[in-house]
Amino acid sequence: MMTNQDHNLMLRALHLAGLGLNTTTPNPRVGCVIADQHGHIVGEGYHQKAGEGHAEVNALADAGEKARGATAYVTLEPCCHHGKTGPCTQALISAGIQRVVYAMQDPNPQVAGEGVRALEQAGVAVAGPLEEEAALRLNAGFVKRMRVGLPFVRVKTAMSLDGRTAMASGESKWVTGPAARADVQRLRARSCAIVTGVESVILDDPSLTVRIREGDRQPLRVIVDTRGRCPDTAEILRQPGKTVIACGEHLQVPDDGRTYWSLPEKQGRVDLYALLRKLAQEQCNEVLVETGATLAGAFVASGLVDELVVYVAGKLMGSSARPAFTLPIDKMSSLLPLSIRDVRAVGEDWRFTAVPDPDA
């Protein structure tokens with residue numbers, strides 16, 4: 001039986017896990033709270049960076065001898081295998097932890113219930129899942145990659161009130177205001193990779209970098225460029241971090257010092273499913289798609305999008321301006337239903353967060 005105290009301490013652990021939002025990739029975001037028999041917190045920790053201590057290890061170090069006989073609240077089932085660090089199950093057992101409460105089972109096949117089993121075999125009481133939905137949201141990308149071999153795909157676009165993203169000429173700076181653009185920086189910072197199309201590179205010449213204090217890690221940048229049209233002068237190629245060009249399998253890859261991924265084609269364009277499989281193989285959990293109407297529409301039409309983030313500015317751009325998505329929809333029965341999960345003001349603009357609604 002879970003108590004209110006259990007719920008409150010797990011919520012604290014989830015808060016700690018969120019502190020690693022931008023830094024843990026390719027690992028999951030995990031937090032841990034250690035509380036004594038009276039419910040007083042004696043140790044806290046979270047996973048900060050791949051290759052460094054896991055949340056449990058950091059919390060145990062914080063608690064010291066006070067961990068003996070205590071309860072550990074962990075947002076993910078403790079690992080039981082050797083990776084870059086040792087198994088957290090053994091660390092908990094050795095520290096004398098009496099009870100472990102976990103938020104969700106680890107989807108990693110190397111763990112997936114084995115962590116719980118190892119603890120129980122050592123005489124540790126185990127309870128969970130607790131606050132599972134919140135834990136799943138926090139690590140949606142890691143969970144999806146482990147379960148189906150694909151990253152979580154988030155498409156971001158900014159448009160006017162009449163649904164336009166750029167003028168007919170391609171001019172698009174700036175549809176939304178400074179607050180919305182700063183918010184996009186946070187989306188970039190949490191992402192493992194940012195995907196754009198070659199048309200956007202040619203028209204807008206973006207850098208697609210993270211430029212906020214919490215973003216010392218630059219996500220992988222991917223240009224979808226089936227025929228190899230990316231100009232040598234593109235700003236995106238000069239930025240810190242890594243940029244790759246996802247080209248079609250029929251392109252003779254030039255020896256120009258760039259990194260190319262030669263991928264299967266579908267209807268004359270890079271197969272987006274193959275691209276996402278490749279990104280998952282590169283250990284990408286969350287992918288942010290920042291691009292024009294054609295590629296954004298292709299992701300949506302292919303059923304590959306998990307979340308849409310749409311910034312709407314109080315402006316009208318006119319009927320000749322470019323739409324947010326190029327989609328082959330010509331009748332009401334073909335509409336793509338969405339479930340709007342969040343609407344909030346961001347400066348002078350509005351941000352809509354929506355997910356595909358398969359039940360509509």
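Keep in mind that the numbers below use all heavy atoms, side chains included, and drop hydrogens, waters and symmetry copies. Given the structure is predicted, the values throughout are model-derived calculations rather than measurements. Here, residue 1 is the first one in the sequence, and each next residue gets the next number.
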Does the side chain of [X] reach to within under 4.5 Å of the side chain of [Y], using non-hydrogen atoms?
X: Asp342; Y: Arg351; value: yes
X: Leu92; Y: Leu60; value: yes
X: Glu265; Y: Thr226; value: yes
X: Tyr260; Y: Pro254; value: yes
X: Thr71; Y: Gln5; value: no
X: Phe299; Y: Leu276; value: yes
X: Leu119; Y: Ile93; value: yes
X: Gln105; Y: Val111; value: no

If only atom types and distance count, is the side chain of [X] paired as donor or acceptor with the main-chain N or O of [Y] below 3.5 Å?
X: Thr196; Y: Glu290; value: yes
X: His47; Y: Gly53; value: yes
X: Asp205; Y: Glu235; value: yes
X: Thr243; Y: Ile236; value: yes
X: Thr75; Y: Gly31; value: yes
X: Arg217; Y: Asn22; value: yes
X: Asp36; Y: His38; value: yes
X: Arg269; Y: Ala298; value: no
X: Ser320; Y: Ala168; value: no
X: Asp6; Y: Thr3; value: yes

Decide, yes or no, whether a salt bridge links Arg258 with Asp225 under the criterion of side-chain N to carboxylate O below 4.0 Å.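 A salt bridge is absent here (no side-chain N lies under 4.0 Å from a carboxylate O).
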Check this for me: does any side-chain nitrogen of one of Glu114 and Arg117 sit under 4.0 Å from a carboxylate oxygen of the other?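 Salt bridge: yes.
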Over all atoms of both residues, closest heavy-atom pair of [X] and [Y]:
X: Gly248; Y: Val270; answer: N-CG2, 3.8 Å
X: Ala193; Y: Cys284; answer: CB-SG, 4.0 Å
X: Ile212; Y: Ala189; answer: CD1-CB, 4.0 Å
X: Leu338; Y: Pro356; answer: CD2-CA, 3.9 Å
X: Ala313; Y: Thr176; answer: CB-CG2, 4.1 Å
X: Arg164; Y: Val175; answer: O-CG1, 4.5 Å

Reference residue Leu288; test side chain to side chain contact (heavy atoms under 4.5 Å, CB included); the match among Cys192, Pro219, Ser191: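 Between Leu288 and the candidates, side chain to side chain contact (heavy atoms under 4.5 Å, CB included) is satisfied uniquely by Ser191.
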Using the rule that Ile, Leu, Val, Met, Phe, Trp and Tyr join whenever any side-chain heavy atoms are under 4.5 Å apart, tell me whether [X] and [Y] fall into a single cluster.
X: Val222; Y: Leu251; result: no
X: Leu9; Y: Val100; result: no
X: Ile223; Y: Leu208; result: yes
X: Leu295; Y: Val155; result: yes
X: Val153; Y: Val195; result: yes

Would Arg12 and Glu44 count as a salt bridge (Lys or Arg N to Asp or Glu O under 4.0 Å) here? Give the steps. CA-CA 9 Å; Arg12 174 61 185 171; Glu44 294 185 333; 2.8 Å; yes
Starting at [atom1] of [X], measure out to [atom2] of [Y] and round the result to the nearest 0.5 Å.
X: Gln185; Y: Leu187; atom1: CD; atom2: CG; answer: 9.5 Å
X: Gln90; Y: Cys79; atom1: CD; atom2: SG; answer: 11.0 Å
X: Thr353; Y: Arg344; atom1: OG1; atom2: CZ; answer: 7.5 Å
X: Tyr102; Y: Leu76; atom1: OH; atom2: CG; answer: 10.5 Å
X: Gln239; Y: Arg211; atom1: CD; atom2: CZ; answer: 8.0 Å
X: Leu150; Y: Gln281; atom1: CG; atom2: CD; answer: 10.0 Å

Is the count of non-hydrogen atoms from other residues, nucleotides or ligands lying under 6.0 Å from [X] atom [atom1] greater than 12?
X: Trp350; atom1: CH2; answer: no
X: Lys315; atom1: NZ; answer: yes
X: Asn4; atom1: CG; answer: no
X: Glu348; atom1: CD; answer: no

Please test Tyr46 against Asn58 for side-chain hydrogen bond (donor to acceptor under 3.5 Å, both in side chains), starting from the C-alpha separation and ending with a verdict. CA-CA 7 Å; Tyr46 67 98; Asn58 292 337; over 6 Å; no
Show your reasoning for whether side-chain contact (heavy atoms from CB on, under 4.5 Å) applies to His54 and Val30. CA-CA 8 Å; His54 286 190; Val30 184; over 6 Å; no
Going through the distances and angles, do Val309 and Val184 end up as a side-chain contact (heavy atoms from CB on, under 4.5 Å)? CA-CA 9 Å; Val309 179; Val184 172; over 6 Å; no
Could you walk me through whether Phe325 and Thr165 satisfy the side-chain contact (heavy atoms from CB on, under 4.5 Å) test, starting with their C-alpha distance in whole Å, then the side-chain angles of each, then the deciding distance to 0.1 Å, before giving a yes or no? CA-CA 9 Å; Phe325 302 97; Thr165 61; over 6 Å; no
List the steps, then state whether side-chain contact (heavy atoms from CB on, under 4.5 Å) holds for Leu220 with Leu279. CA-CA 10 Å; Leu220 173 69; Leu279 285 165; 3.9 Å; yes
Let me check something: any side-chain donor-acceptor pairs from residues 130-145 under 3.5 Å, sequence neighbours excluded? List them with distances.
{"unit_1": "Glu131", "atom_1": "OE2", "unit_2": "His7", "atom_2": "ND1", "d": "2.9"}
{"unit_1": "Glu133", "atom_1": "OE2", "unit_2": "Arg137", "atom_2": "NH1", "d": "3.3"}
{"unit_1": "Asn139", "atom_1": "OD1", "unit_2": "Arg29", "atom_2": "N", "d": "2.7"}
{"unit_1": "Asn139", "atom_1": "ND2", "unit_2": "Arg29", "atom_2": "O", "d": "2.8"}
{"unit_1": "Lys144", "atom_1": "NZ", "unit_2": "Pro151", "atom_2": "O", "d": "3.2"}
{"unit_1": "Lys144", "atom_1": "NZ", "unit_2": "Asp306", "atom_2": "OD1", "d": "3.2"}
{"unit_1": "Lys144", "atom_1": "NZ", "unit_2": "Asp306", "atom_2": "OD2", "d": "2.7"}
{"unit_1": "Arg145", "atom_1": "NE", "unit_2": "Asn285", "atom_2": "OD1", "d": "2.6"}
{"unit_1": "Arg145", "atom_1": "NH2", "unit_2": "Pro26", "atom_2": "O", "d": "3.1"}
{"unit_1": "Arg145", "atom_1": "NH2", "unit_2": "Asn285", "atom_2": "OD1", "d": "3.2"}

